[in-house]
Amino acid sequence: QKCAFKCSYAMVNGAGVDVVKDPITDPGKKSKKGRLTLEKNGDEWTTVTEGKGDPSKDQLVKVYENGALLIDDTFAKIKERSNIGL
């Protein structure tokens, strides 16, 4: 399983811009674009792209904003949260 953190959306001069990486040498590295939501329906998790998700169902949490750390969780706390429902 692959995991990476990439920019998918940016504000440029007050306008929202979708950001996507789509390298021609490795199509498997294409990133998701636009504003993302992570939604749970029953036991299934779905990433909804391009701002088409339902913000009330979004499970993502803002951790950084403008270089400032908003949440300082321990690794143990993150592991505990990731095992919910297993």
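For reference, positions follow the sequence shown, starting with 1.
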Test side chain to side chain contact (heavy atoms under 4.5 Å, CB included) applied to V61 and I71, step by step
CA-CA 9 Å; V61 177; I71 298 174; 3.2 Å; yes
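For Q59, the CD atom sits in a packed shell: over 12 heavy atoms of surrounding residues, nucleotides or ligands are nearer than 6.0 Å.
By the side-chain contact (heavy atoms from CB on, under 4.5 Å) test, P23 is found to be paired with K21, T25, K29, residues two or more places apart in sequence or in another chain being considered. Among residues two or more places apart in sequence or in another chain, the side-chain contact (heavy atoms from CB on, under 4.5 Å) test is passed with K77 by D73, T74, E80, R81. With sequence neighbours left out, the salt bridge (charged side-chain N to carboxylate O under 4.0 Å, His left out) criterion links D18 to no other residue.
Residues V12 make up the rest of the hydrophobic cluster containing V17, defined by ILVMFWY side-chain heavy atoms closer than 4.5 Å, directly or through other members. Grouping Ile, Leu, Val, Met, Phe, Trp and Tyr by side-chain contacts under 4.5 Å, direct or through others, leaves I24 on its own.
Residues V48 and L36 are not in side-chain contact: their nearest non-hydrogen atoms beyond the backbone lie 4.5 Å or more apart. Y64 is listed as a side-chain neighbour of L69, based on a closest heavy-atom distance under 4.5 Å. Two residues are said to be in side-chain contact when any heavy atoms from C-beta on lie closer than 4.5 Å; V63 and L70 fail this criterion.
The two residues S8 and K32 have their closest heavy-atom pair at CB-O, 3.5 Å.
A distance of 13.0 Å separates OG1 of T49 from CZ of R35, quoted to the nearest 0.5 Å.
Residues in residues 47-68 take part in these salt bridge (charged side-chain N to carboxylate O under 4.0 Å, His left out) pairs, two or more places apart or across chains: K62-E65.
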